[in-house]
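Structure, as structure tokens:
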Amino acid sequence: AQSVTQPDIHITVSEGASLELRCNYSYGATPYLFWYVQSPGQGLQLLLKYFSGDTLVQGIKGFEAEFKRSQSSFNLRKPSVHWSDAAEYFCAVGEAGGGNKLTFGTGTQLKVEL
Amino acid sequence: DVKVTQSSRYLVKRTGEKVFLECVQDMDHENMFWYRQDPGLGLRLIYFSYDVKMKEKGDIPEGYSVSREKKERFSLILESASTNQTSMYLCASTTAPTGRNTIYFGEGSWLTVV
């Protein structure tokens with residue numbers, strides 16, 4: 001069965017600092033990988049996704065993620081964090097081959113210090 | 001823009017009551033989902049539907065049922081609400097297959113069972 005691990009429950013960074021949120025997945029084949037963001041009291045919004053090809057994926061709001069097969073990782077990065085980036089971030093893995101299940105990690109809460 | 005609408009944002013219900021959570025999407029998506037979100041547990045799939053009147057159990061279906069009589073509407077039913085069902089419930093939809101398509105989320109329904 002597929003699974004996702006986000007080892008950091010909370011992360012605090014200063015505004016303007018760089019950010020990396022970790023995500024490790026378990027899946028038998030090449031996975032479909034996603035990062036979603038959830039602002040307080042809101043639903044989830046897609047930041048970026050990876051299916052195949054270039055392992056560095058660009059997303060919205062200046063975020064990027066890198067797929068590393070050898071490490072089973074899909075870490076999210078941003079070079080300079082803004083106060084509005086404070087939110088909860090979820091990594092997710094989807095079933096390749098047409099399956100319907102999307103499995104989410106437990107989330108990382110990002111706090112941005114001004 | 002895709003819109004997934006959860007009609008009830010905040011509900012307070014008594015133990016034993018029957019609870020209906022309604023979700024409507026406006027993009028003719030085949031697949032619809034109900035997730036439950038709890039702190040530290042991330043999003044857990046309760047049920048999903050891949051067509052009208054079709055449904056499959058997710059990871060935590062116990063105590064819940066669903067109904068999909070029309071393509072755009074997917075309802076989550078708590079037959080007899082219990083306090084351990086106090087949670088945030090998120091509805092989502094996507095085109096098939098889920099694995100590689102963006103899932104769109106509603107803003108969530110906060111349910112408190114007292």
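For the numbers below, each heavy atom of this structure counts, side chains included, while hydrogens, waters and symmetry mates do not. The chains referred to below are lettered A, B, ... by the order of the sequence lines, with proteins before strands, and numbering in each begins at 1. What you see is a predicted model, and the numbers here were worked out from it, not measured in a lab.
The number of heavy atoms from other shown groups lying within 6.0 Å of CD1 (A/I9) does not exceed 12.
In this structure, chain B has no heavy atom under 4.5 Å from any part of A/Q6. With a 4.5 angstrom heavy-atom cutoff, B/Q6 does not touch chain A via any of its atoms. B/R44 does not touch chain A: none of its heavy atoms, backbone or side chain, sits under 4.5 Å away. Heavy atoms closer than 4.5 Å to chain A are found in the side chain of B/D59, but not in its backbone.
How far NZ of B/K55 is from OG of B/S49: 9.5 Å, rounded to the nearest 0.5 Å.
A donor-acceptor contact under 3.5 angstrom links the side chains of B/Y64 and B/Y89, judged on distance only.
The two atoms that bring B/C23 and B/V4 nearest to each other are SG-CG1, 3.5 Å, heavy atoms only. For the pair B/F48 and B/K57, the tightest heavy-atom approach, listed with the atom from each and the gap, is CE2-O, 4.5 Å.
B/R36 places no side-chain N or O within donor-acceptor distance of the main-chain N or O of B/L90, the cut-off being under 3.5 Å.
Taking the six-membered ring where tryptophan is involved, the planes of A/Y32 and A/F51 are perpendicular, since the angle between them exceeds 60° and thus also 30°. Between A/F104 and A/Y36, the ring planes are tilted. Angles from 30° to 60° get that label.
Contact annotation for residues 78-90 of chain A against chain B (heavy-atom separation below 4.5 Å, listed by residue number): A/E88, A/F90.
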